[in-house]
Chemist: 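This structure is in structure tokens; I'll ask about it shortly.
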Amino acid sequence: MTQRGTPRSGYQTNWSNTNNENIALPLKVGVGRAHAHHGEFLQGVFEGDDGRLYRGLVTLPLTSQESLATFWPDERDGIRTRPANRTKAARAAALTLEHIGIAGGGGELTIESPILIGHGYGSSTADVIASIRAVAAAAGVTLRQSTVARLAVTAEGASDAIAYSDQALLFAHREGRAIEHFGGEFPPLLVVGFRDGSGRPIDTLRMRRARYDSEEIGVFRVLRGLAYRSIKQQDPRLLGRVATMSALISQRHLPKASFSAVLDIARDHDACGVQVAHSGTLIGILLDAVAPGAAKRAAELAKKVGGVGFKGIHTFAVNAEARIIQ
Amino acid sequence: MTAGVDYLRAYETPRFAQLAPNLTAACFSLMKLMPARFMVDRAEASGRLEREGHIIETTSGTFGLAIALLAAVRGYGLTLVTASSLVDLKLKRRLEHLGAKVVAIDDPQGDGNQRGRLQYLQKTLQDNPDTYWPRQYDSPENRLAYARLADLVVRSLGRVDCLVGCVGTGGSLCGTGGFLREIFPDLRIIAVDTHRSMLFGQPVGRRMLRGLGNSVLPDNVRHEMIDDIHWVGALPAYAMAHGLFRDQGLFMGPTSGAAALVAAWFARKNPEASTLVIMPDEGHRHSDTAYNPEWLANLKDWPISIPGEPTSLERIRPAGETAWTRFPWNRQTLGSVLAEFDGSLREDR
């Protein structure tokens, strides 16, 4: 996810590898992957440990779609990308080289990704994170997830929690760090995902930031608590409630025309809730993946949603073993 | 300073006690720290309260203690305005230890003289316009502060079906209840008041149970959120507080006893409902009274056993200190309930 962020004042050296162990050159060819997401379970403003408020989100991972980055180190300076002009990915690769202590390294970065741009699938962050991982792999280094996240934010101004893969956490997407680790995996869900009727891509960089009032910030606090509970108890219903409430607040800031119709459909099918991409067009109906007949119900829902005219319908699982009927 | 902030944050955090399989109590040492800290934090952030600034509030109870702790830790001056009839000497001493100035306004009528206290406060504000007045009765921040309690509740319990709590300013019950109901729209909210408090339409009179009820109406009381109202007299509140201590090891104040009495009854009648009760403070302040056998022995009608169920009222009216009454409020406004009972209420006055 890319939102307008405060431009960072360059790469901050206090994150870097101060051991400065010399990495043996030449680098190998390195490959990195990062998956997409399907918007958020929760997005809002949350209190950090220091008592200050931070914008944060809980990302809904979509692991079936991946960006694949390959880094081909060479003797020339700078990072070239294919396709050309992937400047954020190039910046991320350069920052990663610097972080692992390779000064003045360069190479070619190839990015192959089927992830659609501009709907809230996190295509840009997936490219950036795959690039960071590719460079790290080229140097034979495994980076901590928190390091990957911070490099990503430095490269693109704001990021999402994809660096943490499918771990459940509340992530400050402008600072690039966790506000709270929920300490587990998401409860088992089936998601019937699709795009809002208008379906026009959104330029997230041009989006105005939502300004939340005190009441909403209070609700976010409680939703964060409920997200924690849902993960601790592996309760998909509670997480569905979190997502629906967060989406309802999002409606006041980036309204999706079809949202109330989707809520009705979700209710009719006894879904756990509805989530959205808070800076995209995606909507997902959440089902308890371990409830009897969940896969069948997901298929019915997908049919219903298609019948109403939604596009890009795609059912996927989160932390579930269910066989999906597309 | 930071240590103080962290300590007070821990101090305001309730412990959860399971009183029955479907009944949990949020037990506070000093609940009012939660709104007090929230309000002072916000006042600092917005510039309403400057470094080494001064705070003023009208209070006769634990909100004063909470704000005095904060003022002491963070280096603010503090004036607390109370009424001569309400001064609790031990509390006053604690407040003064913390550096607070306690002003007791004459109170010939013995009703707390809220008007006189507010006049004094307004005059002080006029003379010292930089002074910060938290306004716990009317500031929405008093309710907003309880998002923290709602957060703690859902972390511990998940879904909640019924919330029971005392009403004084309305902050804790309407704040916590408001946030919980956003998430669980079917949440039932039961308010606990005492006889001769005006909050839910009773004629004002002398109240023996302090720390809940009111003789003025704060903006933070949101009547249209309340499903049921119970009025608990002092004696059943004391008896229930004793019971909590004896049976559960919970040494709580009489208002907690009143809330627990109502919550335990509801939980017994609704075994499927997950019920939460808010218990605002501990018993220490009441060791000379509600926990003192000699003091209790002088009370008319003491001892009483813990009553099993309330008397349902068809119209709102006051009752004796041994009584426990209830009325289905049904999320109405005070105005609409009063209009319904207009004639009959007047007769009682």
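Because the structure is predicted, anything quoted here is derived from the model rather than measured. Chain letters run A, B, ... following the sequence lines, proteins first, then strands; residues in each count from 1.
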Chemist: Starting at CZ of B:R148, measure out to CD of A:E47 and round the result to the nearest 0.5 Å.
Modeler: 8.0 Å
Chemist: So which of A:V219, A:L238, A:I217 has the biggest tally of heavy-atom pairs under 4.5 Å with chain B?
Modeler: A:V219
Chemist: Compare every heavy atom of A:V222 with every heavy atom of B:A150, then report the nearest pair and how far apart it is.
Modeler: CB-CG2, 3.6 Å
Chemist: Side chain, backbone, both or neither: which part of A:R221 has a heavy atom under 4.5 Å from chain B?
Modeler: both
Chemist: Is it the backbone or the side chain of B:I183 that comes under 4.5 Å from a heavy atom of chain A, or both, or neither?
Modeler: both
Chemist: What's the separation between atom OG in A:S230 and atom CZ in B:R155, rounded to the nearest 0.5 Å?
Modeler: 10.5 Å
Chemist: Answer with side chain, backbone, both or neither: which region of A:Q233 has an atom nearer than 4.5 Å to a non-hydrogen atom of chain B?
Modeler: neither
Chemist: Check the pair A:R229 / B:S156 against side chain to side chain donor-acceptor pair (under 3.5 Å), numbers first and verdict last.
Modeler: CA-CA 7 Å; A:R229 176 77 182 181; B:S156 293; over 6 Å; no
Chemist: Counting only heavy atoms closer than 4.5 Å, note whether B:L152 contacts chain A via side chain, backbone, both or neither.
Modeler: neither
Chemist: Do other residues, nucleotides or ligands put more than 12 heavy atoms under 6.0 Å from A:D50 CG?
Modeler: yes
Chemist: How many angstroms lie between atom CG of B:D151 and atom CZ of A:F220, to the nearest 0.5 angstrom?
Modeler: 14.0 Å
Chemist: Does B:F266, at its CZ atom, have more than 12 non-hydrogen atoms belonging to other residues, nucleotides or ligands within less than 6.0 Å?
Modeler: yes
Chemist: Output, in order, the C-alpha distance, side-chain angles, deciding distance and verdict of side-chain contact (heavy atoms from CB on, under 4.5 Å) for A:E215 and B:L144.
Modeler: CA-CA 7 Å; A:E215 194 93 30; B:L144 292 172; 3.9 Å; yes
Chemist: Under a 4.5 Å heavy-atom cut-off, does chain B meet the side chain of A:R224, its backbone, both or neither?
Modeler: both
Chemist: If you round to the nearest 0.5 Å, how far is CG of A:L226 from CG of B:L157?
Modeler: 11.0 Å
